[in-house]
Undergrad: 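Take this structure first; my questions come after.
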Amino acid sequence: MERRNWIRMVAAAAMVAGLAPAAMAQQRDKVTLLLNWYVYSEHAPFFIGKAKGFYEAEGIDLDIQEGRGSAVSIQAVAANSATFGYVDVPTMIKAATKGAPVKAVGVALQVSPMAAMGFSEKNIKTPQDIVGKTVAMTPGDSMSQIWPLFLKKTGLQEGQYKVVSGDAQTKLNAVINGQADLLLGYVMDQNIKVQDATKKPVTVIRFADYGVTLVSSGIVAHKDTLANKPDLVKRFMRATTKAFEETEKAPEAAIDAMLAANSKAGQRDTLIVGIKLTTPLYHSAETKSQRPLRASMKDINESLDLLVQYGGLETASRGKAEDWVTNEFLPQ
């Protein structure tokens, strides 16, 4: 009798153990991360984090979705259509001053990668060389939001150049086909794609080299999420911090994880070049000894000053760094 009871107990325990993974899967929090753009090298950390099980270990079922510009992704987070957004932080700040209930919980790129770029044969090497030229840009994306700041810092006027508007591929095609002289892009993305497609050298005019020392991409959430689900935010940011650290250690593996999830993200060699240009942007001089995503409030305040001076942010709306960015949900 005792032996039969023992067998029943062992069988019941085995059944419970077998059901446990399925039960745990059902209990995971479904989280949507809306990117700032189509998938490319900058986004690799999220994919290696998912492939390595960092999010699953934190009880998160992560859905990574492509975006169509930071402004659009910010609107989606503000409307609770996405749990988190990976967006341009200065663009988020400007939206938040106008009432968008969002806040940054981590800054990924702490040095701006934004640039104007075109074929070297066009001999456009400085901002003044843009006068009389045609620039391809995407309305609503982060670069079009920060472009006016670049103009003011360099003394350019809107009427001194022409504009071709379109999505990411339209911008690339415009430069490749000669419909535009330059496009607005990131130094680790569009310039590499143009060079790959044409085998021609590209000259880059970096915004940061002309005083646009803004922080760049980061992770934002709705203020209600921060108030009502702080544990979820902490778990997500803990997994994401590990994902960025893993990308720093193994950039090729991060790209492979991204391509496994989205084979149309680009050419492997090109994406590897891109991610290796991206990881140095994870830290500013102020945060070089910190883990990824932890922002310096000094850097944020300097970004706010630039937005007030040149970027159309009202002085009365400036606030302080902590109003727009917080490190409280990040691991030590």
Side-chain angles (χ1 to χ4, degrees), residues 28 30-58 60-70 72-73 76-77 82-89 106-111 113-114 138 141-143 167-169 171-172 185-197 216-220 235-283 291-293:
R28 290 193 199 109
K30 291 189 178 296
V31 166
T32 299
L33 171 67
L34 183 59
L35 302 176
N36 55 340
W37 203 241
Y38 301 95
V39 171
Y40 70 101
S41 55
E42 183 185 351
H43 306 131
F46 301 110
F47 290 94
I48 196 169
K50 190 170 181 178
K52 288 277 187 179
F54 296 160
Y55 294 100
E56 184 178 352
E58 295 290 351
I60 290 172
D61 180 9
L62 179 61
D63 178 25
I64 305 169
Q65 297 184 1
E66 291 187 318
R68 297 296 182 270
S70 286
V72 177
S73 295
V77 174
T83 322
F84 298 98
Y86 183 74
V87 304
D88 180 64
V89 173
V107 178
L109 304 189
Q110 301 183 1
V111 178
M114 294 182 184
T138 299
D141 75 352
S142 58
M143 286 161 291
D167 64 11
Q169 194 59 50
K171 288 196 303 186
L172 292 173
Y186 280 9
V187 295
M188 67 291 202
D189 183 21
Q190 287 88 349
N191 64 312
I192 301 172
K193 289 179 179 176
V194 171
Q195 288 180 147
D196 276 352
S216 185
S217 304
I219 298 168
V220 304
R235 287 185 282 124
F236 179 79
M237 296 308 295
R238 189 159 53 230
T240 301
T241 298
K242 291 179 181 177
F244 273 77
E245 289 173 333
E246 189 69 20
T247 300
E248 288 182 300
K249 291 187 295 184
E252 293 90 349
I255 293 301
D256 288 339
M258 185 174 72
L259 285 171
N262 189 328
S263 61
K264 296 181 180 180
Q267 300 176 14
R268 183 176 186 271
D269 291 346
T270 300
L271 293 170
I272 289 172
V273 171
I275 194 63
K276 288 183 177 180
L277 288 170
T278 304
T279 53
L281 307 178
Y282 289 174
H283 305 278
R291 298 181 74 178
L293 301 169

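FYI, side chains are in, hydrogens and waters are out, and symmetry mates aren't considered; it's all heavy atoms of this structure.
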Undergrad: Is there a donor-acceptor pair closer than 3.5 Å between any side-chain N or O of Glu58 and the backbone N or O of Phe236?
TA: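 Side chain of Glu58 to backbone of Phe236: no pair is present.
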Undergrad: Ignoring hydrogens and angles, state whether a donor on the side chain of Tyr38 or Gln169 is under 3.5 Å from an acceptor on the partner side chain.
TA: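 The criterion, which ignores hydrogens and geometry beyond distance, is not satisfied for Gln169 and Tyr38.
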Undergrad: Of all the heavy-atom pairs spanning Gly106 and Met237, show the shortest one and how long it is.
TA: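 Result for this residue pair: CA-CE, 4.1 Å.
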Undergrad: What do the steps show when you test Thr138 against Trp37 for side-chain contact (heavy atoms from CB on, under 4.5 Å), and what is the final call?
TA: CA-CA 11 Å; Thr138 299; Trp37 203 241; 3.7 Å; yes
Undergrad: So Met258 and Lys50, do their side chains get closer than 4.5 Å, heavy atoms only?
TA: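 Side chain of Lys50 against side chain of Met258, heavy atoms only: no contact under 4.5 Å found.
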Undergrad: Rounded to the nearest 0.5 Å, what separation is found between the CG atom of Asp141 and the CE atom of Met114?
TA: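 Answer for the CG-CE pair, Asp141 versus Met114, is 7.5 Å.
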Undergrad: With the threshold set at 4.0 Å, does a side-chain nitrogen-carboxylate oxygen contact exist between Glu245 and Lys242?
TA: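 No, this pair does not count.
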Undergrad: Could you tell me the separation between the CG atom of Asn262 and the OH atom of Tyr40, rounded to the nearest 0.5 Å?
TA: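 Reported to 0.5 Å precision, the distance equals 14.0 Å.
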Undergrad: To the nearest 0.5 Å, how far apart are CD1 in Ile48 and CD1 in Ile275?
TA: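 Nearest 0.5 Å value for the CD1-CD1 distance: 9.5 Å.
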Undergrad: Any side-chain heavy atom of Val31 sitting closer than 4.5 Å to one from Arg235?
TA: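 No. Closest side-chain heavy atoms not under 4.5 Å.
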Undergrad: With side chains defined as the heavy atoms from C-beta onward, is the minimum distance between Ser216 and Leu281 less than 4.5 Å?
TA: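 No, side chains not in contact.
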Undergrad: Atom CG in Leu109, atom NE2 in His283: separation rounded to 0.5 Å?
TA: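 Between Leu109 CG and His283 NE2, I get 11.0 Å after rounding to 0.5 Å.
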Undergrad: Measure across Leu35 and Ser73 and return the closest heavy-atom pair with its distance rounded to 0.1 Å.
TA: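 Closest heavy-atom pair between Leu35 and Ser73: O-OG, 2.7 Å.
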Undergrad: If you measure from CD1 on Ile192 to CD on Gln190, what distance do you get to the nearest 0.5 Å?
TA: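 The distance works out to 9.5 Å.
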Undergrad: Looking at Phe244 versus Phe46, is the centre-to-centre ring distance below 6.0 Å?
TA: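 Yes - the distance between ring centres of Phe244 and Phe46 falls below the 6.0 Å cut-off.
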Undergrad: What's the shortest heavy-atom distance between Leu271 and Ser41, and which atoms?
TA: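 The answer is O-CB, 3.4 Å.
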Undergrad: Sequence neighbours excluded, which residues qualify as salt bridge (Lys or Arg N to Asp or Glu O under 4.0 Å) partners of Lys264?
TA: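 Scan of Lys264 (salt bridge (Lys or Arg N to Asp or Glu O under 4.0 Å), adjacent residues dropped) gives none.
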Undergrad: Decide yes or no for Phe47 and Ile255: does some side-chain heavy atom of the first lie under 4.5 Å from some side-chain heavy atom of the second?
TA: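 No, too far: nothing below the 4.5 Å cut-off.
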Undergrad: When you compare the side chain of Asn36 with that of Glu42, does any pair of heavy atoms fall below 4.5 Å?
TA: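 Glu42 reaches Asn36 side chain to side chain.
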Undergrad: Do you know the tightest heavy-atom contact between Met188 and Gly274?
TA: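 Heavy-atom minimum between the residues: CB-O, 3.2 Å.
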Undergrad: Can you find a heavy atom in the side chain of Leu277 that is under 4.5 Å from one in the side chain of Tyr186?
TA: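 Counting from C-beta outward, Leu277 and Tyr186 never come under 4.5 Å.
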Undergrad: So if I apply the side-chain hydrogen bond (donor to acceptor under 3.5 Å, both in side chains) rule between Lys30 and each of Thr83, Asp63, Asp61, which one comes out positive?
TA: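 Of Thr83, Asp63, Asp61, side-chain hydrogen bond (donor to acceptor under 3.5 Å, both in side chains) with Lys30 is met by Asp61 alone.
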Undergrad: Return yes when atom CD of Glu252 has more than 12 non-hydrogen atoms of other residues, nucleotides or ligands closer than 6.0 Å, and no otherwise.
TA: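 Enclosed: over 12 neighbouring heavy atoms sit under 6.0 Å from CD of Glu252.
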Undergrad: Taking the side chain as everything from C-beta on, heavy atoms only, tell me whether Tyr282 gets closer than 4.5 Å to Thr247.
TA: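 Yes; the side chains approach each other to less than 4.5 Å.
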Undergrad: Using side-chain contact (heavy atoms from CB on, under 4.5 Å) as the criterion, list what pairs up with Ala260, not counting sequence neighbours.
TA: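 Ala260: no side-chain contact (heavy atoms from CB on, under 4.5 Å) contacts found.
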Undergrad: Are Ser217 and Tyr86 close enough that some pair of their side-chain heavy atoms sits under 4.5 Å apart?
TA: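 A side-chain contact exists here, since the closest heavy-atom pair is under 4.5 Å.
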Undergrad: Report the distance from atom NZ of Lys193 to atom NZ of Lys171, rounding to the nearest 0.5 Å.
TA: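 Separation between the atoms: 10.0 Å.
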